Amino acid sequence: MTEQATENRTAIPVTARVSLRVNGVEHHLVVEPRMTLLDALREVIGLTGTKKGCDRGECGACTVHVDGRRVNACLTLAVMQDGHDVTTVEGLGTPENPHPVQRAFVANDALQCGFCTPGQVMAAAACIAEGNATAPHRIREWMSGNLCRCAAYPQIIAAIQEAAQADPVDPAHAR
Amino acid sequence: MSRARTRVDGPAKVAGVARYAADHPGPDLRHLALVTATVPAATISTVDTTAASAAPGVVAVLTHENAPRLAPPVGAPYGGRLPLQDNEVHYDGEPVAVVVADTLDHARAAADLVRVDYEVRAAITDFTAVTDLVVPSPPPRWGPADTNVGTPEPAEVTLARVYTTAARHHSPLEPSATHAEWRDGRLFVRDATQGVFGVRTVLSSVLGLPREDIRVVAEYTGGGFGAKGYVWPHQIIAAMTAVHLGGAVRLVLTRAQSFTSHGYQPPTRQRITVAAHRTGRIAALEHDSVSPTATYGGYVEMAANATRVLYAAPAIRTSHRIAPVNTILPTPMRAPHEGPGAFATESLMDELAHELGVDPLWLRLRNHADVDPTSGLPFAAKDLRACYREGARRFGWERRPLAPRSVRDGHDLVGWGMASAVMATFRFPASARVRLRVDGTVVVEAGCQEIGTGTYTILPQVAADVLGCPADQVTLRLGDTDLPETGMTAGSSTTLSVGSAISAAATTLTAQLAELAGADAVSLTGTTLELDGDPDRVVDLADLFAEHDLVEVTADGSFTPTDTGHSLHSFGAVFAEVAVDEDFGTCRVRRLVAVYNAGRIINPLTARGQMTGGLIWGIGQALLEQSTLDHELGRFVSKDLAGYLVATQADVGELEVAFVGEHDPHSGAIGARGIGELGAVGVAPAIANAVFHATGKRIRSLPITPENLL
Ligand code: FES
Ligand code: FES
């Protein structure tokens, strides 16, 4: 690292103000401008349900909904989502009161270690809402951005099909 | 009893409330960022931390110049060199400094400011260029480096081939993370690990702390596949920093760092020879495998182990050699040993079948090993014939035309291939405790891990079976060095080993209850005990406990693997259908049918997930996964999940899994053997054999990529 780079680094504005509505709750944050939405959720707001598998858009573990659309939270900065509505896995349902997708994941054994699961669940809910959960081959294609190293893939397809039948299109998630 | 049961930890995991090692906040939590070597072999001439130390939020920067001194690790497998102790670099990615800061951002930014100058030395990363091969000293349960039994018979056909497999990275979705706290002279660690006791043992020895003053916890581990089995430098760095500075620290590896921080599956170069009679009987087998190890340690991939047990040859000779290179130490990865090895053995069998003009499945049955051909011992509850039979039936194997290139489907060449699967059964000593409370709840305690294999769900079923109660009445506490000690959750050993300990504890508990109740046998239902199988003789736990002045009844149990005089292996048969596009060279696995013989299956639901997961790992090994080393730079080229390809949803075709055989009375107390690794064995050769059947091209190097098939 050269002197030049060191100076540039310190010249960056230190903080930025961001308002995020997360799972219906308003959060006013003061963050480093380069902070990703993922780090803001996990490190600042303390919602650790959203996972960091790669921090560079390769795995989908960080999938959340922004204004109803699925987004890799590691690929967007918190400041870019100022004023937007963010839903994380914690906002989708709870262990006691699960969303149909969450219930179907458990029933179909669509998880093993569980680390990809929050991202899978969020992507699956969006996939159904988008109308892309019509047939197994179509679900496979539209869920291929979410890696599962435990490879619970067939069970994930089964869960999504089941949830899609239970809950055709949730209007809250329609684009 | 075998019963499908959904995952106990499922609701917490799908709701995102299951907390992994990196998910625990703390008021005084500090964040660590590693600085890693950018060259594979060097002496550090200077390390300048001035700018980093002055950066916002930075608390400390530790390097080999100022880090606390560590003692050698003893008592558990450790895969690294001791971190930050000297100015030597032995592999790209070796930690050379750690930054401690108040936030993750600050730690990462300051890590970029640490300036390291190296006197670079010549490095070697290409193991095939190493001339001074070393005879390895594998752990005894892996078997000896070399074996040689029997006398080869004169034979009419001899095939000598070289097969190679690629370097692969485990890439669990959870990057390794260690949260360490030093308070009041005690160390508390939350770790992404497959073995809390190994972590404690290594930390105790390197930090010079008594084991009683260290507690290691892993409530959930986000996948391991071997990467989190041995202890590695990052865990020591986090613990050392916590002890040095006091309070809490968290170190999370970046995805890039995970390619150089906890081993990898070494590539193999396997020379294998079969001699056979025209009748199809094998006359001799030879299998010699070479794989790399680190310059500072000896890991051996026991690839030739598959050849030691699979076929009844009158003569079998195997050997393993290792080649020291400048990488981190390789380590077991799903599936180790037989995983890369069966590619050679089972591809060669297909070549022999083709050479002899016989059906590959017939050839395997012709040479079926009724006893272990190397040790001469009987197998424990082996029913591989049933796997072949049932797999062939489900797949429709009898409709397979013998000649390659005989089936087309539109633009695709279609091929069918098969292979055997085999995996040694690993067992570890384990202990467990079972508590029965007056309200009827049963708590099982064992310090093993849930890495995704279903431990939280399966082990309560084992206790429930013995006690006679529903599994929902039992909860399991695991992943904590305060609980009874077990081995690491690796090598598919946990259900068998810990399950056997739990079974023993639960058996003792029922005996105690029977004695208290004055009966010969008891069975638990809710808050009552049924005596001697008589529904009319029932006592209330509340009355029984009050009578004896008890609040709970507790029993301990243990499992010690003993030599039963058997060869302990699980088996399977894998059948694959592939479609190869001749113009593009792309290969798709349309379907896999796999039938396994692995003793008693306790939970068919989670077992199915283990096997389908293993099959998909096999697809990755066959067609996708390879970590390429740049031998000029001495480092892995793609340290990310865009360059290192793992199977995605779109890579998976139709998968069918079944089990045959029942209770194995030899391996442990509960009739089960390991299954998780087995599922990833035999898939790659089945696919490679199907590719040959489709295209007439014999690919002897994994992975099979489109350029091989054009
Ligand atoms: S963490 Fe965002 S895609 Fe992997
Ligand atoms: S459940 Fe482990 S990565 Fe998907």
Side-chain angles (χ1 to χ4, degrees), chain A residues 1 5-6 9-10 14 32 34-35 39 42-43 46-59 61 88-90 92-96 98 101-103 105-107 109 111-118 121 139-141 143-157, chain B residues 6-7 9-20 22-25 51 55-56 103-105 109 112-115 170-175 220-225 252 254-255 450-454 605-606 608-610 612-617 640-642 646-650 652 655:
Chain A
M1 195 53 59
T6 313
R9 196 172 287 282
T10 47
V14 197
E32 222 264 355
R34 293 168 300 178
M35 180 176 277
D39 280 348
R42 287 181 52 85
E43 305 294 333
L47 288 171
T48 53
T50 308
K51 301 303 181 203
K52 184 189 284 185
C54 68
D55 212 13
R56 44 186 294 165
E58 294 159 355
C59 74
T88 71
V89 68
E90 292 97 334
L92 199 67
T94 61
E96 298 73 32
V101 169
Q102 291 170 317
R103 192 175 301 128
F105 264 60
V106 176
D109 206 39
L111 68 146
Q112 291 178 28
C113 79
F115 200 80
C116 73
T117 308
V121 163
I139 303 174
R140 280 196 192 115
E141 208 52 48
M143 287 297 293
S144 273
N146 287 77
L147 299 180
C148 176
R149 186 54 161 162
C150 299
Y153 293 129
Q155 293 84 346
I156 291 171
I157 300 294
Chain B
T6 58
R7 284 171 198 265
D9 50 348
K13 284 177 171 174
V14 296
V17 300
R19 283 181 186 262
Y20 296 74
D23 294 342
H24 294 267
T103 67
L104 184 58
D105 282 328
D112 285 348
L113 301 178
V114 174
R115 188 191 167 109
H170 313 72
S171 310
L173 213 63
E174 177 199 29
Y220 300 100
T221 295
F225 314 111
V252 185
T254 66
R255 179 52 62 183
E450 172 63 85
I451 61 172
T453 51
L605 187 68
T606 54
R608 179 181 141 77
Q610 282 291 291
T612 54
L615 290 174
I616 295 166
W617 269 66
D640 56 60
L641 296 170
V646 304
T648 71
Q649 192 63 267
V652 180
L655 308 179

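So you know, we letter chains A, B, ... as the sequences are listed, proteins then strands, and number each from 1. Atom set for the values below is all heavy atoms of this structure, side chains included, hydrogens, waters and symmetry mates excluded. Here the structure is a predicted model, which means the values were calculated and not measured.
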### Message
Between B/I616 and A/P154, is there a side-chain heavy-atom distance shorter than 4.5 Å?
### Response
yes
### Task
Just jot down the side-chain hydrogen bond (donor to acceptor under 3.5 Å, both in side chains) partners of A/D39, sequence neighbours excluded, or say none.
A/K52, B/R108
### Task
List the atom of B/V652, the atom of A/Y153, and the distance in Å for their closest heavy-atom pair.
CG2-CD1, 3.8 Å
### Query
How long is the gap from SG on A/C116 to CD on B/E174, to the nearest 0.5 Å?
12.0 Å
### Query
Can you tell which of A/I157, A/L47, A/I139 has the highest number of heavy-atom pairs within less than 4.5 Å of chain B?
A/I157
### Query
Looking only at heavy atoms, what is the nearest atom pair of A/F115 and B/Y20, with distance?
N-OH, 3.6 Å
### Message
Does any backbone or side-chain atom of B/P172 lie under 4.5 Å from a heavy atom of chain A? Answer side chain, backbone, both or neither.
### Response
backbone
#### Entry: Inter-residue atom distance A/Q155.CD - B/T606.OG1, 0.5 Å rounding
10.5 Å
### Query
What residue, out of A/A152, A/G46, A/G53, has the most heavy-atom pairs lying under 4.5 Å from chain B?
A/G53
### Query
Where on B/H170 is there a heavy atom nearer than 4.5 Å to chain A: the side chain, the backbone, both, or neither?
backbone
## Note on the structure
From the list B/P11, B/G10, B/G224, B/G454, the residue making the most non-hydrogen contacts under 4.5 Å with chain A is B/P11
### Message
Working note: B/D105 + A/R34, criterion side chain to side chain contact (heavy atoms under 4.5 Å, CB included); need CA distance, chi angles, decisive distance, verdict.
### Response
CA-CA 9 Å; B/D105 282 328; A/R34 293 168 300 178; over 6 Å; no
### Query
B/A18, B/G609, B/G223: which one forms the most heavy-atom pairs within less than 4.5 Å of chain A?
B/G609
## Note on the structure
Honestly, the part of B/T221 sitting under 4.5 Å from a heavy atom of chain A is backbone
### Query
Taking every heavy-atom pair that is under 4.5 Å apart, which of A/R149, A/E58, A/Q112 has the most such pairs with chain B?
A/R149
### Task
Go through the atoms of B/A22 and report whether side chain, backbone, both or neither lie under 4.5 Å from a heavy atom of chain A.
both
### Query
Does the salt bridge (charged side-chain N to carboxylate O under 4.0 Å, His left out) test come out yes or no for B/D640 and A/R56, once each step is laid out?
CA-CA 9 Å; B/D640 56 60; A/R56 44 186 294 165; 3.8 Å; yes
### Message
Within this structure, what is the CG-CG distance for the pair A/L147 and B/L173, rounded to the nearest 0.5 Å?
### Response
6.5 Å
### Task
Return the option, out of A/D109, A/L111, A/V89, with the maximum number of heavy-atom pairs under 4.5 Å with chain B.
A/D109
### Task
Carefully, step by step, assess B/T103 and A/E43 under the rule side chain to side chain contact (heavy atoms under 4.5 Å, CB included).
CA-CA 8 Å; B/T103 67; A/E43 305 294 333; over 6 Å; no
### Query
Hey, does B/V17 have a side-chain heavy atom less than 4.5 Å from the side chain of A/P95?
yes
## Note on the structure
What one should report as the nearest heavy-atom pair of A/E141 and B/A650 is OE1-CB, 4.1 Å
### Task
Between chain A and each of B/R19, B/R608, B/K13, count heavy-atom pairs under 4.5 Å; write down the option with the most.
B/K13
#### Entry: Nearest atoms (heavy-atom pairs only) where A/Q102 meets B/V14
NE2-O, 2.9 Å
### Message
So for B/L605, is it side chain, backbone, both, or neither that comes closer than 4.5 Å to the heavy atoms of chain A?
### Response
both
## Note on the structure
With sequence neighbours left out, the residues meeting salt bridge (Lys or Arg N to Asp or Glu O under 4.0 Å) with B/D23 are A/R42, A/K51
